[in-house]
Amino acid sequence: MALIQAHEFASYTIGYSMVDISEQTLMYVDMKEAAKTTHIGRPVNEEARSLRRDQILAGARVCFLRKGFHAATTAEISAEAKVSVANLYQYFPTKDDLVRALIEEELAGDLELIRIVEEAPSFRQGLEITTRMVTANRDVAHDSRLRLEILAEAARNPTIAAVVKAADDHLVREIGAVIARYQAKGELRADFVPEVAARIIVSLFDGMTGRFAFGLSETEDLIVAADQFIVQALAPVAVPPI
């Protein structure tokens, strides 16, 4: 409650009007009623709390895509998520917390794809499996637009920039570790520094994000071409006969 956005509830810092008092009272009553059956308005059951958190993130995703990070208000996000404003603040005190959660969610999805590549019979097959999974996702364009929105906010907001960098570094380390394992098996060329190759791969897909967001390229064709390019670039160099 102490972190209510100033542009939405300016009266909390410059004085109260009758409308402001009414809204504050409604929020207090909402929290009081919720507290009768839950801990500060949140479900006691961990699974229910996780579902509520996902519900709020889904609402935030829709609002950020519709209006952008700054234009989307907490009132609109709570309405889209079908929760009270007070309930939203109990899970995510600020918009930065919402963005951080969305970044972590995206990272978790990327790490799952990396795990699939790591556990595949070969590097090439791993890429083929993850390509089918990604291209089967009909929300690729929306996901790409949201990522661009987050990156734009990171360019303005040092807090979000730090979260994006930490997630990017984590992703690069994990991809680099997978490349190193396949190098050790002899499937990939050994003269590449794994983390450098990983950062190039991440940069390649970051660049494709903008094309997917605005429909500038066919998603499946471009991802398949990118995978083929990666496999060929990292393929072992044939030793010429003596």
Side-chain angles (χ1 to χ4, degrees), residues 50 53-54 57-58 61 65 99-151 154 162-240:
S50 178
R53 184 178 184 277
D54 291 345
L57 286 177
R61 190 179 293 105
L65 282 171
V99 176
R100 181 182 292 106
L102 290 172
I103 293 169
E104 291 170 351
E105 188 176 69
E106 180 182 12
L107 175 62
D110 289 341
L111 293 177
E112 177 61 19
L113 294 176
I114 294 169
R115 184 189 64 79
I116 291 169
V117 174
E118 181 178 14
E119 295 178 355
S122 70
F123 185 73
R124 180 189 294 272
Q125 286 176 285
L127 289 183
E128 289 173 352
I129 293 169
T130 54
T131 294
R132 287 196 295 270
M133 293 175 63
V134 172
T135 54
N137 176 16
R138 299 306 176 191
D139 293 327
V140 169
H142 287 167
D143 292 344
S144 298
R145 284 174 51 209
L146 182 61
R147 176 161 179 75
L148 291 180
E149 187 68 35
I150 290 172
L151 290 175
V163 177
V164 169
K165 184 179 185 306
D168 185 76
D169 288 344
H170 188 169
L171 189 62
V172 167
R173 285 195 303 272
E174 293 298 323
I175 296 175
V178 172
I179 290 174
R181 291 189 186 98
Y182 278 110
Q183 284 177 323
K185 294 179 181 179
E187 287 193 39
L188 303 180
R189 57 191 295 176
D191 59 338
F192 258 114
V193 177
E195 286 206 6
V196 172
R199 200 166 291 281
I200 291 171
I201 291 171
V202 171
S203 299
L204 174 63
F205 280 91
D206 279 346
M208 291 194 296
T209 295
R211 306 193 70 82
F212 297 154
F214 303 109
L216 299 178
S217 299
E218 289 294 330
T219 302
E220 184 171 359
D221 293 344
L222 192 57
I223 292 178
V224 169
D227 286 350
Q228 291 173 346
F229 177 82
I230 292 168
V231 169
Q232 291 172 8
L234 297 179
V237 178
V239 178

If you look at every heavy atom in [X] and [Y], which pair is closest and at what distance?
{"X": "Ile103", "Y": "Ala167", "value": "CG2-CB, 3.8 Å"}
{"X": "Met208", "Y": "Ala226", "value": "CE-CB, 3.8 Å"}
{"X": "Phe123", "Y": "Tyr182", "value": "N-CE2, 3.3 Å"}
{"X": "Ala235", "Y": "Arg189", "value": "O-CB, 3.5 Å"}
{"X": "Thr219", "Y": "Phe212", "value": "CA-CE2, 3.6 Å"}
{"X": "Pro236", "Y": "Glu187", "value": "CD-O, 3.1 Å"}

- Using a strict 4.0 Å threshold on nitrogen-to-oxygen distance, state whether Asp143 and Arg147 make a salt bridge.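 Looking at Asp143 and Arg147, the cut-off is not met.
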
Check your understanding: Is the shortest distance from a Lys or Arg side-chain nitrogen in Arg115 or Glu118 to a carboxylate oxygen in the other one below 4.0 Å?
Key ->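 Salt bridge absent between Arg115 and Glu118.
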
Pair Met133-Ile116, side chain to side chain contact (heavy atoms under 4.5 Å, CB included): steps then yes or no
CA-CA 11 Å; Met133 293 175 63; Ile116 291 169; 3.4 Å; yes

**Study point:** Side-chain heavy-atom pair Leu127, Ile230 within 4.5 angstrom cut-off
**Key:** yes

- prompt: Heavy atoms, side chains only, cut-off 4.5 Å: are Leu171 and Ile114 in contact?
  reply: yes

Nearest 0.5 Å please: distance from the [atom1] atom of [X] over to the [atom2] atom of [Y].
{"X": "Leu188", "Y": "Arg124", "atom1": "CG", "atom2": "CZ", "answer": "10.5 Å"}
{"X": "Glu174", "Y": "Leu113", "atom1": "CD", "atom2": "CG", "answer": "12.5 Å"}
{"X": "Phe214", "Y": "Leu148", "atom1": "CZ", "atom2": "CG", "answer": "5.5 Å"}
{"X": "Glu119", "Y": "Gln125", "atom1": "CD", "atom2": "CD", "answer": "13.5 Å"}

Full working for salt bridge (Lys or Arg N to Asp or Glu O under 4.0 Å) between Asp169 and Lys165:
CA-CA 6 Å; Asp169 288 344; Lys165 184 179 185 306; 2.8 Å; yes

Check the pair Leu102 / Glu105 against side chain to side chain contact (heavy atoms under 4.5 Å, CB included), numbers first and verdict last. CA-CA 5 Å; Leu102 290 172; Glu105 188 176 69; 4.0 Å; yes

Tell me which donor-acceptor pairs under 3.5 Å the side chains of residues 192-202 have, and how far apart each pair is, sequence neighbours excluded?
residue : atom : partner : partner atom : Å
Arg199  : NH1  : Asp168  : OD2          : 3.1

| task | For Arg145 and Leu65, indicate whether the former's side chain and the latter's backbone hold a donor-acceptor pair under 3.5 Å. | result | yes

Practice problem: Evaluate the criterion side chain to side chain contact (heavy atoms under 4.5 Å, CB included) for residue pair Leu146 and His142; output intermediate values, then yes/no. | Solution: CA-CA 6 Å; Leu146 182 61; His142 287 167; over 6 Å; no

